[in-house]
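Working notes for the structure below.
Numbers for residues simply follow the sequence, beginning at 1.
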Amino acid sequence: RSSDLCGIVGMVNCLRQEPGGHRIRCIFVSNLGRSSSMPTLSPPSPETQALLRRDLVMNIYRDGQWGSFRHVQLQQDYPQEETDCAYVNVLTRGDLSSLRWISSPLRHFQASGPSVQLCRVYYASLNFRDIMLATGKLPPDAIPGDLAL
């Protein structure tokens, strides 16, 4: 039976990358309704034979219908621009590989008077709290006000 926390798709994707993984196939019953029927999966059944002929990696049975899940990695080519004003942030909370420089709205800064200047920071460190926020192990509301990611 499926649940909101089932990781079968990820597990099958990992197994497919192992030696001999091209032979991995999965049948996953993912009924959303409690009263939904279960498929007949005995080897001689016509239903099972039809699945074998299709030779799909992910065979999903949901509420009386057969289908398939696909895992497609999306290419994330983000536009880059040269700027003097930027900040660092993660594009996907919990994924440090998505850490990117992001162009800051301060690039449009206009001083409101002679005593107002834009501060320039050339070096800054990441501390433990920064890493905990970026990896999603600390909630954004742990930082007060509008300073959260």
Side-chain angles (χ1 to χ4, degrees), residues 1-109 119-149:
R1 291 299 245 197
S2 67
S3 75
D4 291 338
L5 302 175
C6 181
I8 191 73
V9 175
M11 183 183 80
V12 169
N13 285 329
C14 288
L15 290 173
R16 300 249 324 145
Q17 294 177 20
E18 296 295 322
H22 65 281
R23 295 182 295 215
I24 298 289
R25 300 293 180 269
C26 176
I27 295 175
F28 178 41
V29 178
S30 177
N31 286 333
L32 298 176
R34 291 180 185 255
S35 62
S36 296
S37 64
M38 297 291 284
T40 305
L41 294 174
S42 64
S45 78
E47 203 167 20
T48 304
Q49 291 301 311
L51 288 178
L52 293 174
R53 280 192 301 278
R54 285 189 201 112
D55 196 30
L56 297 174
V57 172
M58 294 297 299
N59 298 278
I60 311 301
Y61 184 83
R62 180 173 284 173
D63 300 324
Q65 288 289 129
W66 282 102
S68 183
F69 287 163
R70 302 277 188 227
H71 181 263
V72 179
Q73 285 194 313
L74 300 176
Q75 185 67 20
Q76 295 183 349
D77 291 330
Y78 297 100
Q80 296 181 358
E81 69 178 87
E82 196 168 314
T83 181
D84 290 329
C85 299
Y87 61 95
V88 174
N89 202 351
V90 287
L91 301 179
T92 305
R93 180 167 296 287
D95 180 9
L96 280 180
S97 68
S98 71
L99 196 68
R100 298 284 187 276
W101 284 103
I102 298 170
S103 184
S104 171
L106 289 176
R107 67 179 181 236
H108 305 294
F109 174 79
C119 172
R120 297 194 185 274
V121 177
Y122 292 95
Y123 300 96
S125 64
L126 291 177
N127 60 35
F128 182 69
R129 187 177 184 170
D130 297 327
I131 300 300
M132 295 297 283
L133 278 166
T135 57
K137 293 179 180 159
L138 189 64
D141 59 358
I143 295 180
D146 61 350
L147 300 175
L149 296 173

Distance-only, no hydrogens or angles: does the [X] side chain make a donor-acceptor pair with backbone N or O of [Y] under 3.5 Å?
X     : Y      : value
Thr92 : Ser98  : no
Arg93 : Gly136 : no
Thr48 : Ser42  : yes
Ser68 : Met58  : yes
Asp63 : Asn31  : no

How long is the span from the [atom1] atom in [X] to the [atom2] atom in [Y], to the nearest 0.5 Å?
X      : Y      : atom1 : atom2 : result
Cys85  : Arg120 : SG    : CZ    : 6.0 Å
Asn13  : Leu15  : CG    : CG    : 9.0 Å
Arg54  : Arg25  : CZ    : CZ    : 13.5 Å
Leu51  : Gln49  : CG    : CD    : 9.5 Å
Trp66  : Asn59  : CH2   : CG    : 6.0 Å
Ile102 : Thr83  : CD1   : OG1   : 12.0 Å

Determine the minimum heavy-atom distance between [X] and [Y], stating which atoms define it.
X      : Y      : value
Thr40  : Glu47  : N-OE1, 3.0 Å
Val12  : Cys26  : CG2-CB, 3.7 Å
Val88  : Leu99  : CG1-CD1, 3.5 Å
Glu81  : Arg107 : OE2-NH1, 3.7 Å
Ser103 : Tyr87  : O-CE2, 4.0 Å

